[in-house]
Amino acid sequence: MQTSDEEIQKLREHILAEIDLTREMSDTEIRAIVSEKCSIYGKQKFLKLSEQEALEQYLFHSLRKLDVLQELLDDPEITEIMVNGAEHIFYEKRGQLFESDKHFTSKEKLNANGSRVNIVLQPIAIDGSAISIRKFPEQPFVMEDLIRFGAITEEAAEFLKVLVLSGYNIFVSGGTGSGKTTFLNALSQFIPREERIITIEDSAELQLIDKPNLVRLETRNANTEGVLPITIRDLIKTALRMRPNRVIVGECRGAEALDVLQAMNTGHDGSLSTGHANSCKDMLSRLETMVLMGMELPLPAIRSQIASGIDILIHLGRMRDKSRKVLSITEIAGYEENNIILNDIYRFEEEKAAENTIH
């Protein structure tokens, strides 16, 4: 588009002058005004039809949608959008990071909405507001999709189906962007329809399919108006009084790990959760640290709780080609001599660039 920011701003002002602010105008009416003004401008500037259409779309998005972010949000292949001030917008597509050729016309227009939004405002973000938007697919991935993508083998997926149906307590670990929430969704499809499920999350991201007896709980932050926070720990304690068959905690980040383990150890079989870690062994160490955030307990007692509460650890990772894979499915085989015994059932091994196997 050859139009300058100043010319776009003038066009926008002309369009705003035509909008009837005394009533709620429809998108169709707004688009008609935008189209008319852009047509006049296009003839004056000898714009190509494609350039005029792009200008119309840009102006409509700036008035009714999310400005330059809307095109990225509408692209189903884009999974994450990162805004580093008004001038720099990056996005992840098919596992690769790209910089957009679009930018906000001013710092004031820097605003966002999405599946999950994290915003750091000035002056904390020195170069302008920094925004990260994690998008989630309209239709969540199921295990068949993950098999098709090569994230897990059919044999391993069938094995996990048996574990979920049998009520094993499963903990999923992995780094940022490794697909923990996606995998938790896929695992949940194996939970029988008739069971009562309660999900607990910081921000509601899980999209459980075909689960009629589902209760979704979300934390609440404190604010300046005196609203008290409601934490993951509060919600777990409440959930246990709601007769759940399964408790799913989106992610353990701190002291709530103690409550998750206690739930797993008190008859709530088939519970699921996730956590950040670089390996299954590292996840155990992190769980120990998180439990200590909630209560001063001897390390042997914590390890015993972990060993008796969690049955299976699943570790996810991103490969060099940016694909996400199940790297290991590991059984917690017991607790002996102050150590948790791990037994790999499936392990992904990268043998050659073109030959990847899980066995």
Side-chain angles (χ1 to χ4, degrees), residues 1-94 96-122 125 127-140 203-205 207:
M1 189 187 299
Q2 303 299 317
T3 310
S4 68
D5 288 346
E6 291 77 12
E7 289 174 311
I8 290 174
Q9 186 58 32
K10 286 180 182 178
L11 259 175
R12 195 171 184 276
E13 290 170 2
H14 290 154
I15 293 166
L16 286 170
E18 296 288 327
I19 293 176
D20 186 355
L21 299 178
T22 64
R23 64 183 180 87
E24 181 68 28
M25 296 185 71
S26 68
D27 283 356
T28 303
E29 291 174 299
I30 299 294
R31 195 177 280 278
I33 296 172
V34 171
S35 181
E36 179 188 355
K37 295 297 180 183
C38 287
S39 178
I40 296 170
Y41 177 82
K43 290 174 182 176
Q44 292 173 345
K45 296 294 183 178
F46 304 103
L47 294 182
K48 298 176 183 176
L49 180 60
S50 60
E51 291 175 329
Q52 183 179 314
E53 288 175 347
L55 179 60
E56 288 181 21
Q57 189 82 321
Y58 180 88
L59 285 166
F60 179 73
H61 285 166
S62 75
L63 291 163
R64 276 303 230 219
K65 302 289 183 176
L66 291 175
D67 209 275
V68 294
L69 298 183
Q70 191 63 45
E71 183 180 339
L72 302 178
L73 286 164
D74 289 340
D75 188 336
E77 292 188 328
I78 291 176
T79 53
E80 192 143 10
I81 302 166
M82 292 140 280
V83 181
N84 301 345
E87 295 292 328
H88 302 287
I89 300 172
F90 296 84
Y91 60 91
E92 182 185 67
K93 188 170 185 174
R94 301 191 197 100
Q96 301 284 340
L97 279 181
F98 302 93
E99 183 169 7
S100 173
D101 58 356
K102 306 285 195 308
H103 63 274
F104 289 95
T105 55
S106 67
K107 290 184 177 180
E108 290 71 30
K109 292 194 70 179
L110 183 54
N111 203 351
N113 187 18
S115 298
R116 184 178 75 192
V117 182
N118 186 76
I119 304 176
V120 183
L121 299 172
Q122 286 182 304
D127 298 320
S129 300
I131 302 175
S132 300
I133 303 175
R134 174 67 60 85
K135 289 175 60 186
F136 298 96
E138 293 181 8
Q139 292 296 323
S203 57
E205 299 171 8
Q207 299 170 282

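Among all heavy-atom pairs drawn from Gln122 and Asp127, the shortest one is NE2-C, 4.3 Å. Listed here is the closest heavy atom pair of Gln207 and Pro140: O-CG, 3.5 Å. In terms of heavy-atom proximity, Glu56 sits nearest to Val34 at O-CG1, 3.6 Å. The nearest pair of heavy atoms linking Val120 to Ala125 is O-CB, 3.5 Å. In terms of heavy atoms, Ile78 sits closest to Tyr91 at CD1-CD1, 3.7 Å. Residues Ser132 and Met82 approach most closely at OG-CG, 4.1 Å, considering heavy atoms.
Expressed to the nearest 0.5 Å, how far CD1 of Ile30 lies from CG of Leu59 amounts to 12.0 Å. Interatomic distance, Cys38 SG to Lys43 NZ, rounded to the nearest 0.5 Å: 12.5 Å. Atoms CD and CG, from Glu6 and Leu11 in turn, are 12.5 Å apart once rounded to the nearest 0.5 Å. Here the straight-line distance linking atom OG1 of Thr79 with atom CG of Leu72 works out to 11.5 Å at 0.5 Å rounding. Put simply, CD1 on Ile40 and NZ on Lys37 are 5.5 Å apart, with the number rounded to the nearest 0.5 Å. A distance of 11.5 Å separates OG of Ser50 from CG of Leu55, quoted to the nearest 0.5 Å.
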- Query: Does the side-chain contact (heavy atoms from CB on, under 4.5 Å) test come out yes or no for Glu7 and Lys45, once each step is laid out?
  - Reply: CA-CA 11 Å; Glu7 289 174 311; Lys45 296 294 183 178; 3.1 Å; yes
- Task: Go through Ile131 and Ile81 one step at a time and tell me if the side-chain contact (heavy atoms from CB on, under 4.5 Å) criterion holds.
- Result: CA-CA 8 Å; Ile131 302 175; Ile81 302 166; over 6 Å; no
- Apply side-chain contact (heavy atoms from CB on, under 4.5 Å) to the pair Arg31 and Gln57, showing each step before the final yes or no. CA-CA 9 Å; Arg31 195 177 280 278; Gln57 189 82 321; 3.3 Å; yes
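Within 6.0 Å of atom NZ in Lys10, 12 or fewer heavy atoms from other residues, nucleotides or ligands are found, so the atom counts as exposed in its surroundings.
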